[in-house]
Amino acid sequence: MLRKVLPSQTEIRFKAAKPAKRNGLPDFLVFHKEEVRTFRQALGNPGLFRHILITGPEIEANLLQFGQYLEEIVKDQPVVAEPNPTLLSLAGFPFENKYRPGKISEANGGLLLLPIKPFVEDPDLYYFLKGVLLTGKIDFLSLPEGSDSTNINRFHPSIDSRFRLILVGEETEVDSISQIDADFYGSFDFKIHMPYEISLEKSWLPVFSGLVKSWEKPGYPPLDQAALDSLLELALRWNDSQTRLSLHLSELRSFVREVLAFNNKGKKAVGRAEIEAGPALIQKRTAIHKRKYVENIKEGLISVPLKGKKTGRINGLSVILLQSSLLDFGQVNQVSARVSLGSGNLINIEREVNLSGSLHDKGVFILQSYIKGMFSHTQSFGLDASILFEQNSSPIDGDSASCAELLALLSALSGLEIPCNIAVTGALSQYGDILPVGSVNTKIQAWFDVIRLTGSSRDKYKIYIPKDNMRDLNLPREIRESMKKGNFQIFSCSHVEDLIPDIFGVPAGRISKSGKYPDGSLFRIIEERIDRKRDGEET
């Protein structure tokens, strides 16, 4: 069923609470209290849990700070953290008559804290470390040949070293190193997998506020309550959610510091207005890809028709993912389809020129399966079709355009036109169900931006999104205001056939017992074109 989205459904209901005390935890651990508690228990039981594996967001990037935190917990043992391990930085330097200790020797009897990534990139380094763990010795004869080990004495006596290894990194890195060594995961007596996001509850709101307030700097204006509320909204929007907060917090911290710097003169406090203006100020300096896209839209180099109707064309939406949430941006893409006499083949032009990723290919195959299923009762489909992202010269991936591609194809097959004032996003099942997509807020913002650039304030514009993305909607105030005025409308839907009456002005049609779709339906119009083609062949 097609449902109109209300402005109230596109904003979060959380408000930042009174800040709570930090309790000495580093930024990247404040939302991991349960994991920290179990980690400390594991540290206190070395006889049971020797080596520990930790995965989670931003721990690897803050290795030295994590090491300082461990020093406060383990006061009677050495704690050695090495963010960039190499063979010789770990093993040390054995010369003819002396030995300069490496990190493994320094950690003897204590803790050695290392990141996973260097071991994924250098399997020799991993197997050297594993050999030390198994034997309790640094054997210099086992060092692999390399440019950094040519001037060392390989016959230097082995060095005893027993330590507890704490390896930290990302889940994907664990998967990669497990392909190098199938026993990797089992080498650790204790594992902690920290979540990458949390579902906000009231108990977390004071923690969030306390974390953000800790980023204030002496000599700079403080953040008032409205600023904390706005930052919470922004953090959730960056995570494309109303309720789930990403625990990749370094980007938010950098944003807060920049806003403080922007508003350092004559400001008693930073409020909502300054937070809401912050992204645009930063993007003026950094968002070169988005600026170029906007310039091309303004100059007409990228064509996005917003008036009239067209056959076989529809506005689809995509997202360009860059280095940060502040730089990611959405694009409006003209998705086009054409049909001709043939044997029922569907050509994905992006795939033919190696611009289509595997997920996009999958989406095209799914819509092909849907089309064939809807017309499997005909003797011969008899029409070839091609689909294309117009004016695209970059690789594309993901299946979120498959709903738009199907609608463009149905338009081309039927000859019915699609209004240019609409945009569609949604993945597709083989049975026509519209499935949720990623970055839905960014895609809605992209459609809104294009309308603001080249549209008319007198016209109405629509965007169709999957029903299951309703829980993710978190839109800025300017879009909500436009929705209240009725100029910008969002509709949710769960099946592609819900869209057909609204877009084409005719029902989709349900097949009858006689094996025909009802007169006047979209699928009957397509059937008739197929029949005319087959009759022409027989004649």
Side-chain angles (χ1 to χ4, degrees), residues 2 4-5 290 293-294 296-320 329-338 348-350 360 363-364 367 386-394 396 398-414 416-428 434 437-466 469 475 479 482-483 487-493 496 498-505:
L2 198 64
K4 188 175 182 179
V5 179
K290 183 177 181 178
Y293 171 71
V294 170
N296 289 339
I297 292 284
K298 287 180 178 179
E299 295 171 4
L301 297 176
I302 296 178
S303 175
V304 183
L306 297 177
K307 287 185 176 292
K309 296 182 177 182
K310 291 185 180 293
T311 303
R313 298 188 208 178
I314 193 170
N315 294 312
L317 301 162
S318 62
V319 174
I320 305 299
F329 67 98
Q331 290 189 146
V332 180
N333 306 97
Q334 273 273 293
V335 178
S336 66
R338 296 203 72 173
N348 174 9
I349 294 178
E350 250 73 33
H360 181 251
V364 173
L367 73 89
S386 61
I387 57 174
L388 171 69
F389 271 61
E390 300 283 357
Q391 294 186 283
N392 174 60
S393 58
S394 303
I396 59 173
D399 59 355
S400 64
S402 53
C403 184
E405 290 167 334
L406 174 61
L407 292 167
L409 187 56
L410 291 174
S411 172
L413 288 169
S414 65
L416 298 181
E417 295 178 318
I418 295 176
C420 294
N421 67 332
I422 70 168
V424 177
T425 184
L428 203 67
I434 298 179
V437 297
S439 303
V440 67
N441 295 297
T442 306
K443 291 171 181 174
I444 294 172
Q445 182 74 57
W447 180 234
F448 182 80
D449 289 342
V450 166
I451 292 165
R452 190 166 47 179
L453 286 171
T454 62
S456 170
S457 60
R458 296 186 299 272
D459 295 334
K460 293 183 179 180
Y461 300 92
K462 299 179 180 180
I463 180 172
Y464 301 92
I465 66 170
N469 276 124
L475 300 176
I479 296 182
S482 185
M483 292 173 67
N487 302 104
F488 190 79
Q489 299 176 341
I490 303 174
F491 292 88
S492 68
C493 47
V496 70
D498 298 335
L499 292 175
I500 288 173
D502 204 56
I503 292 176
F504 293 103

Non-hydrogen atoms of [X] and [Y] that approach each other most closely:
{"X": "Gly426", "Y": "Pro466", "value": "CA-CG, 3.7 Å"}
{"X": "Ala408", "Y": "Ile314", "value": "CB-CG2, 4.0 Å"}
{"X": "Ser318", "Y": "Asn333", "value": "OG-OD1, 2.6 Å"}
{"X": "Ser482", "Y": "Phe448", "value": "CB-CE1, 3.7 Å"}
{"X": "Val5", "Y": "Met483", "value": "O-CE, 3.4 Å"}
{"X": "Asp498", "Y": "Cys493", "value": "CB-CB, 4.3 Å"}

My understanding is that only residues two or more places apart in sequence, or in another chain, count here; which of them pass side chain to side chain contact (heavy atoms under 4.5 Å, CB included) with [X]?
{"X": "Ile451", "answer": "Trp447, Tyr461, Phe488"}
{"X": "Lys4", "answer": "Gln489, Phe491"}
{"X": "Pro501", "answer": "none"}
{"X": "Glu417", "answer": "Lys309, Thr311"}

Residues forming a side chain to side chain donor-acceptor pair (under 3.5 Å) with [X], sequence neighbours excluded:
{"X": "Ser414", "result": "none"}
{"X": "Ser492", "result": "none"}
{"X": "Asn421", "result": "none"}
{"X": "Lys307", "result": "Asp459"}

When rounded to the nearest 0.5 angstrom, what distance separates [atom1] in [X] from [atom2] in [Y]?
{"X": "Leu2", "Y": "Ile500", "atom1": "CG", "atom2": "CD1", "answer": "11.5 Å"}
{"X": "Arg452", "Y": "Ile297", "atom1": "CZ", "atom2": "CD1", "answer": "13.0 Å"}
{"X": "Ser402", "Y": "Leu407", "atom1": "OG", "atom2": "CG", "answer": "10.0 Å"}

Requested in this report: Indicate whether any N or O donor in one side chain lies under 3.5 Å from an N or O acceptor in the other, for Gln445 and Asn441.
Outcome: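 Their side chains do not contain a donor-acceptor pair, so the 3.5 Å distance test is not met.
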Query raised in the report: Can you check whether Val450's main-chain N or O pairs, donor with acceptor, with Thr454's side chain at less than 3.5 Å?
Result: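 Yes.
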**Report entry** Residues Ile418, Arg313; criterion side-chain contact (heavy atoms from CB on, under 4.5 Å); working and verdict
**Finding:** CA-CA 7 Å; Ile418 295 176; Arg313 298 188 208 178; over 6 Å; no
Side-chain contact, heavy-atom cut-off 4.5 Å: [X] with [Y]?
{"X": "Leu317", "Y": "Val437", "answer": "no"}
{"X": "Lys310", "Y": "Ser411", "answer": "no"}
{"X": "Tyr464", "Y": "Ile503", "answer": "yes"}
{"X": "Val294", "Y": "Asp449", "answer": "no"}

**Report entry** Residue of the set Val424, Ile490, Ile422 for which side chain to side chain contact (heavy atoms under 4.5 Å, CB included) holds with Lys462
**Finding:**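 It is Ile422; the other options fail the test.
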